[in-house]
Amino acid sequence: MTGLPAAAAAANNSRNEEVACGEEVASGMDADAADFQKEDEVGSEDSSDSFASEQDDTNSGHGEEGGIADRLVAVGTALVAGVFFVGSLFISKGKIVDPLGPALFPQVIAGILFLGAVLVGLRRVKPKEPRTGSRNFTTLIVCGLFVVYWLVLPLIHFIPATIGFTLALLITYGTRKKLILVLFPIVSSVGLYFLFERLLHVILP
Amino acid sequence: MNFEQLLDGLAYGFQPDSLLVIVLGVLVGWLVGAAPGLGPPVGMSLMLPLALTISAEDAVLLLVSVFIAASYAGSVPGILLKIPGTTSSMMAAIEGYPMHQRKEGGRAMAISLVSSIFGQLVSITIFILAVIPLSQFAVRLLFPEMFVIVLVGLVSGAALVGNDVIKGIVATAIGLLFSCVGTDPNTGTDRFTFGIAELHSGIDMLPVIIGLLAFREVFAAANVSTWVKPVRQKLRVMLTKSDLREIAGPSVLGAGVGTFIGAVPGAGGSIAAFLTYGFIGRGRRRSEFGKGSRGALAGIESANNAAIGGELIPTFGLGVPGAPAMVVIMAALTAQGLVPGPKLFESRPQLLYATFGGMITATLVLAVIGFILIKPAIYVTSVSPAVVLTATAALVVVGVYALRWQMFDVLIAFIAGLVGYLLDKQKYPVALVALAYVLGPIMEANLRRGLIMTDGLVGFFTRPIVIGGLVLAIFLLFWDQIKTLATSTARKHGSGKEKEPAT
């Protein structure tokens, strides 16, 4: 493990140099990319440091430790722990075959979850809160689109429902190229239909 | 080791059916890895519905081929765009992109491919050598020991994945808690079904895994914002003798480190790459680092890809998946009615040998396909993430529905994806939720059966392996504190020594 700090330091040095490089590459952007970039300018603090956002573990790591969102998630997890703990009190013991029974294991885990959520929730608030309004709005639209798709899918045929869903998603993600907006939904919907319904014999909803 | 079965396994990898599955897996894996924003677990999750329609051997080959190809191809956008396709290929971006900037992108990708292939071949060999003795040892372990092995696997994940142990523990607890939903296998009573009939048999594992690992990306539109189109540049694929001399040593080092680190649950390719980078950085050419060092790139890539074989060792040997990708393999095996772990080697030894043979074939197929695709790679990385994410969304919906032909499963995947997204946004290691969700029932069953077997807590927790495992788990949980304490003690000791002559 001794090599890790050295490696991390080396990575950090290179990451600092990275910020400048991002701007050079940006010269090659097309219309789509420009749209995304514009969205990001509203949505995040430092879009040029793409590497830093990757480093934030996976892709959307914009959570601020001790921030309101962090606390809300902590409250949510504590509530989940509470619901499961209360739910475990109503578990019928059934025929007792082992010393733990069916309720104790989830009760212990719910306790650990609650404790962890409290520890996260009580952390000191750091001064900076990221502005992620635009991106949250995009996520909300994606959620809404999915719910509508899920409700509509059993009612109308798979192909028109999926064409509508994919088209709406592309627009939400900021695609403006007409060729992609026309071709992709049709090709993907028809392609998936034939792949699953005709080749894999899945009766789609 | 049975050499006859080993040869059968090697031959299995070259059978037409297997070859077809492997080529498909490598192509899908390469596309998923090279497309900015997606990674091996996403690609493997998308292949799960197909994996359930073929034999268990072919299913593992399909998923492993996707994993192998996506692990390598994750570096493609890293080298060409400086946006790594996977977190484990972050380091490759640091060394590969400067090479691309000085018009050596083709060379960087060739070095990446050669060292990745080398790392994979070494780790696959070590995998087969290590996994058989490990499973032969593990098969003799009883319930308490199996419980503690799973516990150590989960704790090690919580301690090593991400930077926050508490959030790691929370993520693990969420996965464990939701794995309790459904009928209790020991007593037959319902747990947390809240009157919903569909929950009597529990929340199906596959929609949860697909939701957490793949659907999450659809919500995380942040990928889209960081995307930039690569500067179009004709890639000249070249690799000279001097390059080979330069990359040989680091590749060997990376292969060793990668396999070893990969075998530690929760560690994986990114830590292996970091470590190798640190080791190589102690060499003479430290000044070249961050400026496109061929040796460093080779070491990183070899380590990152060697982690694959390492990660498979605890998955097959102990039934403890050490990485999100391994969780997908384990979920596929479980869905096929198999119990992953040491007993699998006894009940279905051909699966292990076929995996070995298939991985060798997949690596060779990747060598060919990867080489052919070096030049077109620039076009694949040009595909807008909006298209990639939309395709992922449509595929997830249809794929999850196809598992059991139930729209309820699609809803579960959606909820799991949304929960994963919200947790990920606050830097909770979502992969641990998936890991704990898969391991939860195994952990609880071993604990409860163990308590029956040992007739109580004292008998259970005084077994030597259990004590050793618990000590290791505590050590892992408090590793950061131990490290800080050790450093401050060493500093005090050091400053005390320095002061000595003055006094």
Side-chain angles (χ1 to χ4, degrees), chain A residues 3-4 6-7 10 13-14 17 21 25-26 28-30 32-33 36 39-40 50 53-54 57-61 63 69-70 73 77 84 87 91-92 94-95 97-100 102 105-106 109-110 112-113 116-117 119-120 135 138-139 142 146 162 166 169-170 173 175 184 188 192 196 202 205, chain B residues 37 82-84 90-91 94 162 166-167 169-170 173-174 176-177 180 184 186-189 191-192 218-231 274-275 277-279 281 289-290 384 386-387 389-391 393-394 398 402 407 410-411 414 422 424-427 444 448 451-452 456:
Chain A
L4 191 56
N13 290 339
S14 307
E17 292 164 19
C21 302
V25 188
M29 292 193 311
D30 72 350
D32 270 5
F36 298 135
E39 186 197 342
D40 191 50
S50 59
S53 73
E54 275 295 332
D57 196 18
T58 65
N59 319 296
S60 56
D70 205 29
V73 171
T77 45
F84 270 84
I91 295 172
S92 152
K95 194 179 140 196
V97 287
D98 64 84
L100 279 192
F105 181 78
I109 302 297
I112 293 171
L113 179 60
L119 286 173
V120 173
R135 196 166 296 154
T138 307
T139 307
V142 172
F146 175 80
T162 308
T166 47
L169 264 185
L170 282 174
Y173 285 137
T175 304
F184 183 78
S188 60
L192 281 174
F196 280 88
V202 175
Chain B
K82 206 165 184 180
I83 299 172
M90 274 183 323
M91 308 298 292
I94 294 172
I166 296 176
K167 285 190 174 176
I169 293 170
V170 168
I174 292 173
L176 288 176
L177 212 45
C180 294
D184 173 43
N186 283 23
T187 56
T189 51
R191 297 196 296 185
F192 315 111
V218 176
F219 301 115
N223 289 324
V224 171
S225 62
T226 53
W227 179 75
V228 283
K229 244 188 157 180
V231 180
F274 263 129
L275 276 175
Y277 199 61
F279 287 140
F289 271 44
S384 150
V387 171
L389 288 176
T390 306
V398 185
M407 284 303 283
V410 180
L411 189 66
F414 166 70
L422 291 173
D424 179 47
K425 214 174 164 203
Q426 299 310 317
K427 298 176 188 169
E444 189 186 0
R448 290 169 67 180
L451 284 169
I452 297 172

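Throughout, a chain's letter reflects where its sequence line sits, starting with A, and its residues are numbered from 1. Quick caveat: nothing in here was measured; it's all calculated off a predicted structure.
Contact between A/Gly87 and B/Phe192 at its shortest, heavy atoms only, is C-CE2, 3.8 Å. The two residues B/Ala173 and A/Ile109 make their nearest non-hydrogen contact at O-CG2, 3.4 Å. Pairing each heavy atom of B/Glu444 with each of A/Pro102, the nearest pair is OE2-O, 4.4 Å.
With a 4.5 angstrom heavy-atom cutoff, A/Phe84 touches chain B via backbone and side-chain atoms both. Only the backbone of A/Ala117 comes within less than 4.5 Å of a heavy atom in chain B; its side chain stays farther off. Looking at B/Leu451, both its backbone and its side chain come within 4.5 Å of chain A, counting heavy atoms on both sides.
Side chain of A/Thr139 to main chain of B/Phe219: a donor-acceptor pair is present (N/O by atom type, distance under 3.5 Å, no hydrogens or angles).
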#### Entry: Working for side-chain contact (heavy atoms from CB on, under 4.5 Å), residues A/Thr77 and B/Lys167
CA-CA 11 Å; A/Thr77 45; B/Lys167 285 190 174 176; over 6 Å; no

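Your options are A/Leu113, A/Leu192, A/Thr162, A/Thr166, and the one with the most heavy-atom pairs under 4.5 Å with chain B is A/Leu113. Counting heavy-atom pairs closer than 4.5 Å to chain A, the top residue among B/Ile166, B/Leu176, B/Leu177, B/Asp184 is B/Leu177.
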